[in-house]
Amino acid sequence: MVQMPETISKTKYEVVIGLEVHAQLKTKTKIFCSCPINFGADPNTNVCPVCLGMPGVLPVLNKQVVAYAIKTGLSLNCGIAKHCKFDRKQYFYPDLPKNFQISQYDQPICKNGFLEVNNKKIGIERIHMEEDAGKLVHAGSDRLHGSDYSLVDYNRTGTPLLEIVSKPDLRSADEAREYAQALRSILRYIDVCDGNLEEGSMRCDVNVSLRPEGSQTYGTRCEVKNVNSFRSLIRAVQTEIERQTEILDSGGKVIQETRLFDESSGKTISMRSKEEAHDYRYFPEPDLVPLEIDAKSEIIEELLTQGIDPEEIINQKGLAQITDTGELEKIVKDILDNNPEQVKQLKEGKEKVRGFLVGQVMKKTSGKASPQIVNQLISKLLN
Ligand code: ADP
Ligand code: MG
Ligand code: ZN
C-alpha cells in the first residue's frame with residue numbers, strides 16, 4: 001500500500017480567521033474601584049473590598065475607561081453607542097472572587113468599525129469594556145501535573161480591559177499578524193494601552209476555521225487561547241490549519257472548542273468544549289446604571305457637515321503631521337545617533353527595537369511624524 005504524504009491534502013481549503021484582542025487600558029486605577037494598577041507589585045497589595053468581591057460592596061465606574069473606549073472606537077472607525085450597559089457573566093473564576101465578571105453583552109460601547117490592513121478593510125464587530133481577572137500562580141511540583149497547588153494574586157482583578165472583536169475577515173496567518181500589529185500600533189499611538197504582549201497587556205484569542213475553496217459558508221471554528229507573541233500567533237494558525245486539514249481530509253468533523261497554544265511544542269491542546277453565551281447566564285448588572293453617552297466624540301460630524309474646513313482647525317491647533325522628509329530625516333538621524341546600542345541591535349536583526357526608535361521619533365515630534373515615513377527613513381539611514 002502506498003502511503004500518501006500527510007501534508008498533501010486532496011481538497012484545497014481556505015482559512016478563515018477572526019481575532020478577539022483583550023487590551024489592558026493604561027488607567028491609573030481599576031475599572032470599578034480606586035486601587036492602583038501597577039504591574040509587578042507584591043502579590044495582593046493592590047486590592048480592596050470591591051475588587052475582592054466582599055459582600056455589600058458596590059462598583060463605581062472609572063470615567064477614564066469610557067473615554068479610552070470611545071477614543072479606541074473612533075480610531076477603529078466604529079459607531080459609538082448613545083446608550084449601553086454592563087452585564088454580569090457568570091462562571092467559576094478562581095481568580096475573580098465574585099464569581100462573575102462585569103462585562104458588556106448585547107450592548108457594547110462600540111460597533112461596526114474596520115481597520116485597514118494592506119488596503120483591505122478588516123471588519124471590527126464590536127468593542128466592549130470589562131474587568132480583568134487576577135492571576136493564578138501554579139506552584140509546587142507534582143510529578144504528573146507539574147504543580148501541587150496554585151496561589152492567587154488578585155492585584156490584576158478589576159483592571160480595565162477592552163475586548164476588540166474582529167469579523168472573520170482574515171484569510172492567512174500573515175494577515176492575522178499584520179492586523180494584530182496594526183491594532184497594537186494604533187492602541188499605543190492613541191496612548192490607551194502599552195501593547196506589551198509578554199506582560200499580557202495585549203492578549204489574543206485566535207479563531208480559526210477551514211472551508212473548501214469557493215465555499216460560501218464558514219466551517220466550524222476553534223478558538224486558540226494563550227497566544228502571547230506575534231510569532232505564536234502565526235504558529236498557532238499554522239498548526240490549526242494542519243490539524244483541521246487532517247480531520248477534514250479523513251472525513252471527520254472539526255469540533256467547536258477552546259484550545260490552548262503550547263509555546264514549547266508549538267501545538268494546540270484541547271482545553272474545553274466551547275461555552276455558548278447562554279451558559280454564562282448573562283443579565284444586566286444591577287449595581288451600575290446604564291451609560292448615556294452625550295453627542296459631543298458628533299461635534300466633529302457637525303463641523304464637517306457645516307462645511308468648516310477641518311484643515312483650517314488642524315493648522316490652527318498645530319496638529320498637522322510632519323510630512324517634510326528633510327525635516328524628519330534630521331530628527332531620525334538625531335535619534336539614531338543618540339541610541340547606538342539599539343541601532344546595533346537592529347542591524348543584527350532585532351526588529352523589536354525598531355518600534356522603540358520609531359517611538360522616540362514620535363515623542364520628539366509630539367506624535368506629528370508619519371510612522372510610515374519614519375520607518376522608511378530608519379531603513380534608509382541604516383543602509
Ligand atoms: P465567543 O465569545 O463565542 O468567542 P465572540 O463573538 O467574542 O464569540 O468572538 C468570535 C470570534 O470568532 C470573532 O472574532 C469572529 O470573527 C470569529 N469567528 C466567527 N466565526 C468564525 C469562523 N467560522 N471561522 C473563524 N473565525 C470565526
Ligand atoms: Mg471567544
Ligand atoms: Zn480594589
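Each ligand, and each atom within it, is numbered from 1 in the order the structure gives. Because the structure is a prediction, the values reported are computed rather than measured.
Look at E163 and you'll find a heavy atom under 4.0 Å from some atom of ligand 1.
Remark: the backbone N or O of R281 is paired with a side-chain donor or acceptor of Q90 at under 3.5 angstrom. Looking at N99, its side chain does come within 3.5 Å of a backbone N or O of Y93 through a donor-acceptor pair. No donor-acceptor pair closer than 3.5 Å links the side chain of N228 to the backbone N or O of L197. Put simply, the side chain of R88 never gets that close to the backbone of F283: no donor and acceptor are under 3.5 Å apart.
Listed by number with element, the atoms of ligand 1 under 4.0 angstrom from any heavy atom of K167 are 16 (O). Listed by number with element, the atoms of ligand 1 under 4.0 Å from a non-hydrogen atom of G219 are 23 (N). Near Y218, meaning under 4.0 Å from any of its heavy atoms, are these atoms of ligand 1: 23 (N). Taking every non-hydrogen atom of V16 and a distance limit under 4.0 Å, the qualifying atoms of ligand 1 come out as 24 (N), 25 (C).
Rounded to 10 degrees, the SG-metal-SG angle spanning C33 and C48 at the Zn ion (ligand 3) equals 110°.
With a heavy-atom cut-off of 4.0 Å, L19 touches ligand 1 through its backbone alone. Residue V165 touches ligand 1 through its side chain alone, judged by heavy-atom distances below 4.0 Å.
Residue contacts with ligand 1: P168 is placed with a nitrogen or oxygen under 3.5 Å of a nitrogen or oxygen of the ligand (distance criterion only).
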| request: For side chain to side chain contact (heavy atoms under 4.5 Å, CB included), just list the numbers for I37 and T29, CA-CA rounded to whole Å, side-chain angles, deciding distance to a tenth of an Å, and then say yes or no. | output: CA-CA 5 Å; I37 294 168; T29 55; 5.7 Å; no
| task | For the pair Q376 and K380, evaluate side chain to side chain contact (heavy atoms under 4.5 Å, CB included) and give the outcome as yes or no after the intermediate values. | result | CA-CA 6 Å; Q376 287 166 1; K380 181 183 147 190; over 6 Å; no
| message | Checking E131 against Q101 for the side chain to side chain contact (heavy atoms under 4.5 Å, CB included) test, could you report, in this order, the C-alpha distance in whole Å, the side-chain angles of both residues, the deciding distance, and whether it holds? | response | CA-CA 7 Å; E131 59 182 333; Q101 178 194 33; 3.9 Å; yes
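Counting only non-hydrogen atoms, the option in K89, R126, R211 that gets closest to atom 6 (O) of ligand 1 is R126. Considering each of V15, I124, N207, D169, the one bringing a non-hydrogen atom nearest atom 17 (C) of ligand 1 is N207. Closest heavy-atom approach to atom 22 (C) of ligand 1 among the candidates C222, S166, S209: S209.
Side-chain atoms of I122 and E116, non-hydrogen and from C-beta on, never get closer than 4.5 Å to each other.
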